[in-house]
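Working notes, structure below.
Ligands are counted one by one from 1 in listed order, and the atoms in each one are counted from 1 as well. Predicted model, so just to flag it, every value in this text is computed and none were measured.
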Amino acid sequence: MAMVEMRNVHKWFGALHVLNNINLDVEKGEVVVIIGPSGSGKSTLIRTINALEPIQKGTIVVDGLDITKPRNVDEVRKEVGMVFQSFNLFPHMTVLENITLAPRIVRKWPREKAEQIALELLERVDIADQAEKYPAQLSGGQQQRVAIARALAMQPKIMLFDEPTSALDPEMVGEVLDAMKELAKSSMTMLVVTHEMGFAREVADRVIFMDMGEIIEEGEPDQVFSHPRHERTQAFLARIL
Ligand code: ADP
Ligand code: MG
């Protein structure tokens, strides 16, 4: 069974058909990168996976749970970590408090356990020394690594990333991508929207090209980047590479 199974998924915003018959499986341990022009539905697609966006047609099953059923939504959200372009850390909480909040409330872990795991995660993303700081005292790259640690603290089964490096100064992109590469090596299931083609080539098992709400083409990175089959993929890559 795949970690994510999207079948004939359609979504409209009013008259706008933003997801048009999406069929997508993400296998356990797989790293899938989604590329495509602005407005093609990438963010909407990944937001449907933890029910941040409802769909009007089709089914989405995450780790065996149909998330179009309202009773499954809370359960699925516990298993799905999400990292956005903007870091969304709570400004009035320290790094450690940001990371331990959800596990303490949702998983009901005692403080000691939550803090121990938080510190291990901060070690993993290479900022263990920042635990007592507030978000504003950190660089953008550090804040985004805290956001990754915060998502991981819930011990998710899949991690969704929506352009996690797009808001960063160029010199900080590498440190966040490095943290994501480490995560990929630990065989986390990952679905990543990014324009970082180097990352996609190195880390992705599969690259998906979306345009106008549809999956136009997918394949191994080398196939999609070096030998795109579809004219629209070729045109997109010519613009960004
Ligand atoms: P991408 O992430 O590929 O840039 P999005 O998924 O953000 O694309 O957007 C897909 C389309 O849906 C765009 O035309 C966008 O303007 C529209 N859209 C996104 N969110 C909303 C919303 N909340 N209400 C209405 N339209 C939206
Ligand atoms: Mg987007």
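Ligand 1 lies nowhere less than 4.0 angstrom from a heavy atom belonging to Gly213.
Note that atom 22 (C) of ligand 1 has protein non-hydrogen atoms nearby, at separations under 4.0 angstrom. For atom 16 (O) of ligand 1, no protein heavy-atom neighbour is present inside the 4.0 Å cut-off.
Polar contact check, Phe13 against ligand 1: no nitrogen or oxygen pair lies under 3.5 Å apart. Between Glu53 and ligand 1, a contact under 3.5 Å exists for no N or O pair.
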For this session: List the steps and the verdict of salt bridge (charged side-chain N to carboxylate O under 4.0 Å, His left out) for Glu182 and Arg124.
Result: CA-CA 8 Å; Glu182 281 304 311; Arg124 245 172 102 183; over 6 Å; no

Exercise. Which is it for Asp162 and Lys42 under the salt bridge (charged side-chain N to carboxylate O under 4.0 Å, His left out) test, yes or no, and what are the steps along the way?
Worked result: CA-CA 8 Å; Asp162 191 1; Lys42 307 180 297 296; over 6 Å; no

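A salt bridge links Glu30 with Arg206: at least one charged nitrogen is closer than 4.0 Å to a carboxylate oxygen.
The part of Val18 lying near ligand 1 is the side chain, judged by heavy-atom distances below 4.0 Å.
For the pair Arg150 and Phe90, the cation-pi test (distance below 6.0 Å, angle within 45°) is passed.
For atom 8 (O) of ligand 1, the closest non-hydrogen atom of the protein is Gly41 N, 3.2 Å. Nearest non-hydrogen protein atom to atom 9 (O) of ligand 1 is Thr44 OG1, 3.9 Å. Among all protein heavy atoms, the one lying closest to atom 7 (O) of ligand 1 is Ser43 CB, 3.7 Å. The protein heavy-atom contact nearest to atom 3 (O) of ligand 1 is Lys42 NZ, 2.8 Å. If you check which protein heavy atom lies closest to atom 10 (C) of ligand 1, you get Gly39 O, 3.4 Å.
Within ligand 1, the atoms closer than 4.0 Å to a non-hydrogen atom of Ser40 are 1 (P), 3 (O), 8 (O), numbered from 1 in the order shown. Distances below 4.0 Å separate heavy atoms of Leu16 from the following atoms of ligand 1: 12 (O), 14 (O), 17 (C). Interface atoms of ligand 1 facing Pro37, defined by a heavy-atom separation under 4.0 Å, are 3 (O).
Arg232 and Ser40 form no side-chain donor-acceptor contact under 3.5 Å, judged by distance and modelled atom types alone. No donor-acceptor contact under 3.5 angstrom links the side chains of Gln116 and Glu112, judged on distance only. The closest side-chain donor-acceptor pair between Glu217 and Thr233 falls under 3.5 angstrom. There is a side-chain donor-acceptor pair under 3.5 Å between Lys133 and Gln130.
Below 30°, between 30° and 60°, or above 60°: for His17 and Trp12 the angle between ring planes is below 30°, a parallel geometry.
No continuous path of ILVMFWY side-chain contacts below 4.5 Å connects Val203 to Leu160, so the two sit in separate hydrophobic clusters.
Val80 and Pro156 make their closest contact through C-CB, 4.0 Å (heavy atoms, listed as atom of the first residue, atom of the second, distance). When all heavy atoms are compared, the tightest approach of Met93 to Leu101 is CE-CD2, 3.8 Å.
Among residue pairs with one or both ends in residues 72-84, none qualify as side chain to side chain donor-acceptor pair (under 3.5 Å); sequence neighbours excluded.
Taking distances strictly below 2.8 Å, the protein N/O/S atoms close to the Mg ion (ligand 2) are Ser43 OG.
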